[in-house]
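These notes concern the structure reproduced below.
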Amino acid sequence: HVAAMPDVHLGIGATVGSVIPTKRAIIPAAVGVDIGCGMMAARLSLTANELDEQSLKKTFGQISRDVPVGFDQHRDARDAAKRFRKSLTRVMEKHPGIGKRVGKNSHWAQQLGTLGGGNHFIEVCLDESNRVWVMLHSGSRGIGNAIGSYFIELAKKDAMKNNVHLPDADLAYFPEGAKHFHDYVEAVGWAQDYARANRAEMMELVLDGMRRHLPSFEVTDEAVNCHHNYVEHEEHFGERVWLTRKGAIRAREGELGIIPGSMGARSYIVRGKGSAESFHSCAHGAGRLMSRNAAQKKFSLQDLQAQTEGVICRKDKGVIDEIPGAYKNIDEVMANQSDLVEVVHTLKQVICVKG
């Protein structure tokens with residue numbers, strides 16, 4: 001069966017909020033183009049009593065300067081990018097088409113430690129005990145998009161060549177043993193590792209920026225650095241399958257995960273209950289209630305200001321499509337998956353830096 005999470009909504013290739021097991025095959029469009037997109041969170045030794053509005057505003061400005069957002073990137077390649085270069089070269093030598101998609105001057109090394117756009121964000125939050133957390137959301141940036149879109153097109157071409165008839169072209173798949181199967185597994189694995197490193201690199205930049213304006217602190221606990229758009233070889237119901245989580249996180253028994261709300265709502269650190277029916281998975285967030293265009297037409301700047309009251313964040317037209325009202329109610333989503341996870345911490349943002 002295919003499992004739908006309580007935040008499920010329309011997407012390309014598969015609905016976002018789906019967990020899809022496939023036997024001896026992978027559907028690249030189900031994994032998508034934001035390969036390895038996910039979350040990272042860390043708890044700090046700071047408490048709410050050590051924060052004030054002035055220092056938080058300075059911190060917001062510092063993070064906005066130190067972490068490139070949107071199409072921006074670092075001037076120089078990050079040191080952490082060195083370990084990815086050799087394996088990426090091998091992938092691109094086999095598939096020059098990936099290089100063509102990112103252009104002659106691929107900036108993946110400068111994009112390591114950058115946020116990107118859309119619904120990606122960096123937040124400083126307070127939990128139920130007024131302890132400070134840092135939480136961020138991003139993926140494999142432009143290079144992951146290039147890898148994903150290249151192999152999606154390749155799978156479609158293979159389906160046509162092999163006379164495979166599908167109800168939707170985005171269901172095109174690579175079967176094990178096929179010409180491009182192992183190349184895709186290698187490339188998608190690279191992108192997932194890069195996405196994880198991208199979040200870790202950003203976390204260091206954010207913490208360094210916070211230290212410039214806030215009292216001295218230590219990182220006391222790292223909740224998790226988890227993907228929610230990815231594919232892994234796992235065992236379920238006694239069979240080895242390729243499990244695609246598209247907008248879903250792994251929630252094995254005792255495993256910690258992060259489920260964010262929108263930029264004005266609560267977020268949750270959760271512990272998995274290991275539900276077999278969900279393939280040990282749970283929702284990855286609130287899930288969109290309406291499209292970006294619909295949100296821009298429906299909501300005004302006044303709505304945005306009202307719905308993000310108390311949060312230091314952008315409050316301009318450029319982020320209206322990310323307004324809390326464009327998302328499902330996170331508390332309802334959480335109530336609908338009480339059989340999948342238990343809440344460990346409840347977080348509420350005081351700073352939100354949007355992509």
Side-chain angles (χ1 to χ4, degrees), residues 1-41 119 135 137-140 144 148 171 173 185 188-189 191-193 195-196 199 223-261 267-288 327-345:
H1 66 278
V2 171
M5 302 295 101
D7 65 339
V8 68
H9 57 283
L10 288 173
I12 298 170
T15 46
V16 180
S18 294
V19 186
I20 306 162
T22 45
K23 298 178 184 178
R24 299 178 297 281
I26 299 176
I27 305 168
V31 180
V33 295
D34 198 359
I35 302 168
C37 184
M39 299 285 305
M40 186 175 183
N119 62 356
M135 180 171 69
H137 172 212
S138 191
S140 51
L171 294 175
Y173 58 89
V185 170
V188 82
Q192 287 170 187
D193 289 344
R196 191 183 299 276
R199 290 191 289 273
V224 73
N225 187 346
C226 63
H227 301 318
H228 55 225
N229 280 349
Y230 72 112
V231 61
E232 289 284 355
H233 211 196
E234 297 183 3
E235 185 168 320
H236 294 276
F237 297 99
E239 292 193 68
R240 294 292 291 176
V241 296
W242 289 98
L243 195 75
T244 298
R245 292 184 176 93
K246 185 182 182 77
I249 63 172
R250 194 172 62 194
R252 294 183 297 197
E253 187 171 1
E255 187 170 27
L256 291 176
I258 309 164
I259 303 177
S267 298
Y268 296 91
I269 306 296
V270 298
R271 183 178 291 111
K273 293 185 176 181
S275 165
E277 285 186 306
S278 73
F279 303 105
H280 300 167
S281 308
C282 70
H284 82 312
R288 292 198 73 91
Y327 284 84
K328 293 180 181 178
N329 184 310
I330 186 64
D331 296 322
E332 187 176 329
V333 169
M334 295 303 297
N336 288 336
Q337 60 178 350
S338 58
D339 55 334
L340 307 183
V341 292
E342 63 175 321
V343 174
V344 181
H345 296 293

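The basis for the numbers below is simple: all heavy atoms, side chains too, and nothing from hydrogens, waters or symmetry mates.
Put simply, the side chain of K246 gets close to the backbone of I12: a donor and an acceptor are under 3.5 Å apart. Judged by distance alone, the side chain of S281 and the main-chain N or O of A248 form no donor-acceptor pair under 3.5 Å. R196 places a side-chain N or O within 3.5 Å of a backbone atom of N225 that can act as its donor or acceptor partner. Between the Q192 side chain and the G189 main chain, no donor and acceptor come within less than 3.5 Å of each other. In this structure a side-chain-to-backbone donor-acceptor pair under 3.5 Å is missing from N229 to G36. A distance-only check finds no donor-acceptor pair linking the side chain of K23 to the backbone of R240 [under 3.5 Å]. Side-chain atoms of Q337 come within 3.5 Å of backbone N or O of A283 as a donor-acceptor pair. Looking at D34, its side chain never comes within 3.5 Å of a backbone N or O of C37 through a donor-acceptor pair.
Note that the CD1 atom of I259 and the CD1 atom of I330 stand 6.5 Å from one another [nearest 0.5 Å]. Rounded to the nearest 0.5 angstrom, C282 SG and I249 CD1 are separated by 3.5 Å. Distance CD1/I20 to CD1/I27: 6.0 Å, rounded to 0.5 Å. Here L340 contributes atom CG and M334 contributes atom CE; the two are 9.5 Å apart, rounded to the nearest 0.5 Å. Taken from SG in C226 to CZ in R245, the straight-line distance is 10.5 Å, to the nearest 0.5 Å. A distance of 11.5 Å separates OG1 in T22 from CG in L171, rounded to the nearest 0.5 Å.
Using a 4.5 Å heavy-atom cutoff, the side chains of V8 and V16 are not in contact. Looking only at side-chain heavy atoms (C-beta outward), L243 and H280 stay at 4.5 Å or farther from each other. No side-chain heavy atom of V19 sits under 4.5 Å from any side-chain heavy atom of V2. Contact of the L256 side chain with the V270 side chain is not registered, since no non-hydrogen atoms from C-beta on lie closer than 4.5 Å. Taking 4.5 Å as the limit, some side-chain heavy atom of M135 sits within range of a side-chain heavy atom of M39.
Here the closest non-hydrogen pair linking P28 and Y173 is CD-CA, 4.1 Å. Looking at every heavy atom in both residues, A41 comes nearest to I269 through CB-CD1, 4.2 Å. The shortest non-hydrogen separation linking A191 to I35 is CB-CG2, 3.6 Å. In this structure, G261 and S267 approach most closely via the heavy-atom pair N-OG, 3.0 Å. The shortest non-hydrogen separation linking V241 to P21 is CG2-CB, 4.0 Å. Of all heavy-atom pairs between A195 and S140, the closest is CB-N, 3.7 Å.
Open room surrounds CZ on R24; 12 or fewer heavy atoms of other groups in view lie less than 6.0 Å from it. Taking a 6.0 Å sphere around CD of E342, one finds it holds more than 12 heavy atoms contributed by other residues, nucleotides or ligands. Within 6.0 Å of the CD atom in E253, the count of heavy atoms belonging to other residues, nucleotides or ligands does not exceed 12.
The side chain to side chain contact (heavy atoms under 4.5 Å, CB included) test with F279 singles out one residue from E234, R250, H1, and that residue is H1.
For H137 and H228, the side-chain atoms include at least one donor-acceptor pair closer than 3.5 Å. Side chains of Y268 and D331: a donor-acceptor N/O pair is present below 3.5 angstrom, by distance only. Side chains of R199 and H227: a donor on one and an acceptor on the other come within 3.5 Å. Residues T15 and S18 bring a donor and an acceptor atom of their side chains to less than 3.5 Å of each other.
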